[in-house]
Q: 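Sharing a structure below in structure tokens format, with a few things to ask.
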Amino acid sequence: MGKKKKRDESEAVEASNAEESEVLELVNGDDSHQTKQEKRKKKKHKRNEKAASAAAEPRASVIPTVSVAVPGSIVDNAQSLELATRLAGQIARAATIFRIDEVVVFDNKSGSMNYSNASTRDVNSDDNESGAAFLIRILQYLETPQYLRKSLFSMHNSLRFVGLLPPLDAPHHLRKHEWAAYREGITLKEQAPNSAGTLVDVGLSKNVLIDKVLEPGVRVTVAMGTIRNVGADLPRQVVSSSKPREEVGTYWGYKVRYASSISSVLRESPYKGGYDHLIGTSEHGQFLKSSELALPSFRHLLIAFGGLAGLEESIEEDSKLKGKNAQEIFDSYLNTCPNQGSRTIRTEEAIFISLQYFQEPINRALQR
């Protein structure tokens, strides 16, 4: 028994020395393609092991999510406010059509204002706001049900042309006559008579009562139950915005997040354990047919898109990613539209093309 323990310790020391030797070779300038390839493979293998370990845990409480990351700088290339608004509208439509859970808007430029805690009221006063702030505002505005927009958004120059955009018509954008198990609402100042609860405007002919006392002006998801009588004084329950999807499988819109750089997109994930599979898209990426792409089982998938000069520029400008290339950062780096006839594919076009390309691989991964 003692011999076996010593042998195991000896093998562990040898493995450690071999690893140190490889690191020293890199430090001393042995930067060969083979060494880089091995290092990259080890890094991806570790991430895959982590994902496999997470997949082995009970998944009942975790609903897989798909996020997309887009640079705010794509708005800067628009020739007018109207065209910039239409561009943002296309991204919102794509996110909704393909049931995206989170849209991350990242900055390519240092020194930008930090909107990481942005809410519908926070990205406010400056009419000459950055491309990222503008994109965040439009995306949040379009995701909000129409009957809540006046209460949640103050007048702003950036919203001047939103009336020209086609509606998202998402499942939570309910009409006044429609009844659903859940509705989005906003808490009101008005006090509920003979009750300690809070009145909420959920877009129906009458406000409903919830079982909590909340500050006015807060957006909430309300479980409406099966009783369709709005006049009933039965208090409704406030639930998490993820509840409609968890309980009845209904897509309930996307969240919007700001990131100061591409590394912040990856590092500041709101999901426990972060993103477990990263995909970068680029004309310089590998081409695989959609039917041949095998994605691993995932909990939180991220698909990143570049701006005018692609993801490569975003990586080069990020001080935390100095010396790294896209293949080292992403698990998959793919060209989803090979043999293109135009020299350029705009980001808003690439999002539609790519999300359609990923539909079948994602579905296959989720069915495992």
Side-chain angles (χ1 to χ4, degrees), residues 64-75 77-78 86-106 108 131-132 135 138-139 142-143 166 168 170 251 253-257 259 262 265-266 269 275-315 325-327 329-367:
T65 65
V66 179
S67 302
V68 297
V70 296
S73 60
I74 61 173
V75 171
N77 199 42
R86 289 185 184 277
L87 184 156
Q90 284 181 277
I91 294 171
R93 285 283 298 171
T96 305
I97 289 168
F98 293 103
R99 298 170 64 96
I100 297 302
D101 299 282
E102 179 195 33
V103 180
V104 190
V105 181
F106 65 91
N108 293 27
L135 191 51
I138 302 294
L139 290 173
L142 292 175
E143 186 278 334
L168 300 188
Y251 175 66
Y254 53 78
K255 303 289 184 191
V256 185
R257 176 167 72 89
I262 189 67
V265 172
L266 314 180
S269 168
Y275 306 109
D276 51 5
H277 194 74
L278 308 174
I279 298 176
T281 61
S282 168
E283 63 178 321
H284 303 297
Q286 178 190 12
F287 171 64
L288 285 173
K289 289 180 181 178
S290 178
S291 58
E292 295 171 353
L293 177 62
L295 296 178
S297 295
F298 62 85
R299 289 190 169 196
H300 306 295
L301 171 69
L302 175 78
I303 304 169
F305 297 89
L308 297 174
L311 274 173
E312 294 84 3
E313 182 189 54
S314 301
I315 292 166
N325 59 42
Q327 284 81 6
I329 296 163
F330 296 99
D331 298 301
S332 306
Y333 200 58
L334 301 169
N335 180 357
T336 59
C337 187
N339 306 317
Q340 61 196 60
S342 172
R343 282 181 292 180
T344 56
I345 295 179
R346 299 170 69 87
T347 304
E348 64 272 26
E349 296 166 339
I351 290 173
F352 267 106
I353 294 166
S354 299
L355 292 183
Q356 176 57 44
Y357 168 90
F358 288 119
Q359 281 300 286
E360 283 306 313
I362 287 173
N363 289 337
R364 287 195 298 269
L366 294 178
Q367 286 166 10

Q: Given the rule in the side-chain contact (heavy atoms from CB on, under 4.5 Å) test, do L301 and I362 qualify, once you have shown the distances and angles that lead to the verdict?
A: CA-CA 9 Å; L301 171 69; I362 287 173; 3.8 Å; yes
Q: Check whether any side-chain heavy atom of I262 lies under 4.5 Å from a side-chain heavy atom of I329, and answer yes or no.
A: no
Q: Ignoring hydrogens, what is the shortest heavy-atom contact between A69 and V265? Give both atom names and the distance.
A: CB-CG1, 3.8 Å
Q: Report yes if the side chains of F298 and Y275 come closer than 4.5 Å at any heavy-atom pair, otherwise no.
A: no
Q: At their closest point, which heavy atom of P71 faces which heavy atom of G306, and how far apart are they?
A: CG-C, 3.6 Å
Q: Can you tell me how far the CD atom of Q367 sits from the OG atom of S297, to the nearest 0.5 Å?
A: 10.5 Å
Q: At what distance, to the nearest 0.5 angstrom, does CZ of R93 lie from CG of L168?
A: 6.5 Å
Q: Evaluate the criterion side-chain contact (heavy atoms from CB on, under 4.5 Å) for residue pair L87 and N77; output intermediate values, then yes/no.
A: CA-CA 10 Å; L87 184 156; N77 199 42; over 6 Å; no
Q: Given 3.5 Å as the limit, does a donor-acceptor pair link the side chain of T281 with the main chain of A304, or not?
A: yes
Q: Just by distance, do the side chain of D101 and the backbone of S67 share a donor-acceptor pair under 3.5 Å?
A: no
Q: Could you report the tightest heavy-atom contact between L142 and A92, atom names first, then the distance?
A: CD1-CB, 3.6 Å
Q: Checking I279 against F358 for the side-chain contact (heavy atoms from CB on, under 4.5 Å) test, could you report, in this order, the C-alpha distance in whole Å, the side-chain angles of both residues, the deciding distance, and whether it holds?
A: CA-CA 10 Å; I279 298 176; F358 288 119; 3.6 Å; yes
Q: After noting the C-alpha distance and the side-chain angles of E312 and S282, does the key distance pass the side-chain contact (heavy atoms from CB on, under 4.5 Å) rule?
A: CA-CA 8 Å; E312 294 84 3; S282 168; 2.9 Å; yes
Q: Measure the NE2-OG1 distance between H300 and T65 for me, rounded to the nearest 0.5 Å.
A: 5.0 Å
Q: Tell me the closest heavy-atom pair linking L355 and I303, and the distance in Å.
A: CD2-CD1, 4.1 Å
Q: Hey, does L334 have a side-chain heavy atom less than 4.5 Å from the side chain of L293?
A: yes
Q: Donor-acceptor pair, T347 side chain versus L308 backbone, under 3.5 Å?
A: no
Q: Nearest 0.5 Å, please: how far is OG1 in T336 from CD in E283?
A: 11.0 Å
Q: A side-chain contact here means heavy atoms from C-beta on lying under 4.5 Å apart; do I351 and F98 qualify?
A: no
Q: Does any part of the side chain of N339, heavy atoms only, come nearer than 4.5 Å to the side chain of F287, both counted from C-beta?
A: no
Q: Would you say the side-chain atoms of S290 pair up with the backbone N or O of Y357, donor to acceptor, closer than 3.5 Å?
A: yes
Q: Taking all non-hydrogen atoms of both residues into account, name the closest pair between F106 and L311 and its distance.
A: CZ-CD2, 4.5 Å
Q: Can you find a heavy atom in the side chain of E143 that is under 4.5 Å from one in the side chain of V256?
A: no
Q: Please tell me if the side chains of I315 and F330 come closer than 4.5 Å, counting only heavy atoms from C-beta onward.
A: yes
Q: Within a radius of less than 6.0 Å around CZ of R346, do more than 12 heavy atoms belonging to other residues, nucleotides or ligands occur?
A: no
Q: Would you give the length of the straight line joining atom CG of L302 to atom CG of D276, rounded to the nearest 0.5 angstrom?
A: 10.5 Å
Q: Look up atom CG in L295 and atom OG in S332, then write down how far apart they are to the nearest 0.5 Å.
A: 6.5 Å
Q: Heavy atoms only: give me the nearest A350-I345 pair and the separation to one decimal.
A: N-CG2, 3.8 Å
